[in-house]
Each structure stands twice: as structure tokens, then as C-alpha cells.
Amino acid sequence: MELVNAQHLMQMNPGGFNAPTEQQVTNMAGPADSDGNLITPFYAQVCLSGERFWLKILYRSSFSGIYQGIVDNDLVGTVEHGIKLGDQLHACWFNFYKIMPAGNNFKPN
């Protein structure tokens, strides 16, 4: 299972959408505790097999820069790719199509 590289797709489709930069993702992630758990989780939209969905990002590895999150909405392609609500996934900043702060009554759909 490989998440789509949103940065590459954005370059291939200029003007189609604006994926966040590495710096924007780092700023959104903010500080983490000594185990890598983010003090303030955030949401990141990713894509797999043509389906975009939201991860609630809870962890960032200080060594590799890889993020870990939980799938936070139902998926229509679960039968095809096996990913479902509540699954844990790893992603890199360049996989993120959108980022949103947790809270503020944001609920993925």
C-alpha cells in the first residue's frame, strides 16, 4: 500500500490544488514529547487508490520525519485496498493534500 505523493501530483497539475509545504506541515505538527507524540494532533488528507481520506496525525518520528495517524473517516474502497476507519497508517509530509488543526469542530466526512 502506497499513499500518493501529493507534491508530485501538484507539480503534474499546476493550478489544480495547493498541497502544503514541508514547512507548513512542520508548523502544523508543532512540538512533540520525548516519545514523538504530538502535543496537538492535526488532520491530514491523504490519497490511496484514487480515494482521499483523513488521518488524525498523532505522532512524528524525530529521526525519520515519518508521521503516524489513524484513519478518521469511512472509506468506500475498503474492499479494494483493505484500509478502514481506525487503522493506523504512516505517511510523509509530501503525502498530505490538506492539513487542518484538530478541534474547531472539524469532523472529517
Side-chain angles (χ1 to χ4, degrees):
M1 181 236 26
E2 188 172 328
L3 296 173
V4 173
N5 182 328
Q7 295 294 314
H8 177 73
L9 193 59
M10 182 178 67
Q11 290 173 357
M12 300 296 292
N13 299 285
F17 66 96
N18 291 314
T21 65
E22 183 175 13
Q23 187 61 53
Q24 289 171 320
V25 173
T26 299
N27 291 346
M28 179 69 70
D33 67 17
S34 60
D35 294 324
N37 299 304
L38 298 179
I39 304 301
T40 306
F42 68 98
Y43 288 100
Q45 189 181 59
V46 297
C47 183
L48 174 69
S49 300
E51 181 175 10
R52 291 189 192 184
F53 57 95
W54 291 96
L55 295 177
K56 185 172 186 179
I57 305 296
L58 304 170
Y59 172 85
R60 176 186 63 224
S61 169
S62 59
F63 177 73
S64 66
I66 293 176
Y67 293 85
Q68 180 177 321
I70 297 171
V71 176
D72 207 43
N73 60 283
D74 290 315
L75 300 155
V76 296
T78 296
V79 172
E80 177 187 338
H81 51 61
I83 304 301
K84 63 186 180 312
L85 177 67
D87 284 354
Q88 289 190 13
L89 295 179
H90 293 92
C92 295
W93 72 270
F94 53 78
N95 297 123
F96 299 161
Y97 282 76
K98 295 179 185 176
I99 52 175
M100 299 281 295
N104 299 325
N105 298 320
F106 174 73
K107 282 291 194 186
N109 51 23

K.L.:
List for me each residue that meets side-chain contact (heavy atoms from CB on, under 4.5 Å) alongside Phe42, sequence neighbours excluded, and say none if there are none.
P.N.:
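Once residues adjacent in sequence are excluded, the partners of Phe42 under the side-chain contact (heavy atoms from CB on, under 4.5 Å) criterion are Val25, Met28, Ala29, Leu38, Ala44, Ile57, Tyr67, Phe96, Ile99.
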K.L.:
Find the distance between SG (Cys47) and CD (Glu2) and round it off to the nearest 0.5 Å.
P.N.:
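Taking SG in Cys47 and CD in Glu2, the distance rounds to 11.5 Å.
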K.L.:
With the 4.5 Å side-chain cut-off for hydrophobic clustering, are Leu55 and Tyr59 part of the same group?
P.N.:
no
K.L.:
Sequence neighbours left out, what passes salt bridge (charged side-chain N to carboxylate O under 4.0 Å, His left out) with Lys98? Give chain and number order.
P.N.:
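Partners of Lys98 under the salt bridge (charged side-chain N to carboxylate O under 4.0 Å, His left out) test: none.
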K.L.:
Strictly distance-based, threshold 3.5 Å: is any side-chain N or O of Asp33 a donor or acceptor partner for the main-chain N or O of Asp35?
P.N.:
yes
K.L.:
Please find the pair of heavy atoms, one from Ile66 and one from Cys92, that lie closest to each other, and give the distance.
P.N.:
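Here Ile66 and Cys92 meet closest at CG1-SG, 4.1 Å.
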K.L.:
Identify the two heavy atoms, one from Leu3 and one from Asn95, that lie closest to each other, and give their separation to 0.1 Å.
P.N.:
O-ND2, 3.5 Å
K.L.:
Restricting to pairs with a member in residues 8-25, which pass side chain to side chain donor-acceptor pair (under 3.5 Å), not counting sequence neighbours?
P.N.:
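Listed once each, the pairs are Thr21-Gln24, Gln23-Asn27.
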K.L.:
Does Phe94 belong to the same Ile/Leu/Val/Met/Phe/Trp/Tyr cluster as Leu48, with side-chain heavy atoms less than 4.5 Å apart forming each link?
P.N.:
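Yes.
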K.L.:
Residues sharing Met12's hydrophobic cluster, by side-chain heavy-atom contacts under 4.5 Å among ILVMFWY, directly or via others?
P.N.:
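Members besides Met12: none; it forms no cluster.
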K.L.:
Out of curiosity, Thr78 OG1 to Ile83 CD1, how far, rounded to the nearest 0.5 Å?
P.N.:
8.0 Å
K.L.:
Would Phe53 and Val71 count as a side chain to side chain contact (heavy atoms under 4.5 Å, CB included) here? Give the steps.
P.N.:
CA-CA 7 Å; Phe53 57 95; Val71 176; 4.0 Å; yes
K.L.:
Do Leu75 and Leu89 share a hydrophobic cluster, counting only Ile, Leu, Val, Met, Phe, Trp and Tyr and linking them when any side-chain heavy atoms are less than 4.5 Å apart?
P.N.:
yes
K.L.:
Roughly how far apart are Ile70 CD1 and Trp54 CH2, rounded to 0.5 Å?
P.N.:
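CH2 of Trp54 is found 16.0 Å from CD1 of Ile70.
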K.L.:
Listing request: all side chain to side chain donor-acceptor pair (under 3.5 Å) pairs with a residue in residues 81-92, at least two apart in sequence or in separate chains.
P.N.:
Glu51-His81, Gln68-Gln88, Gln68-His90, Lys84-Asp87
K.L.:
Which other residues belong to the hydrophobic cluster containing Met10, where Ile, Leu, Val, Met, Phe, Trp and Tyr are joined when side-chain heavy atoms lie under 4.5 Å apart, directly or via other members?
P.N.:
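Met10 clusters with Val4, Leu9, Phe17, Tyr97.
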K.L.:
For Ile39 versus Pro41, what's the shortest heavy-atom pair and its separation?
P.N.:
O-CD, 3.7 Å
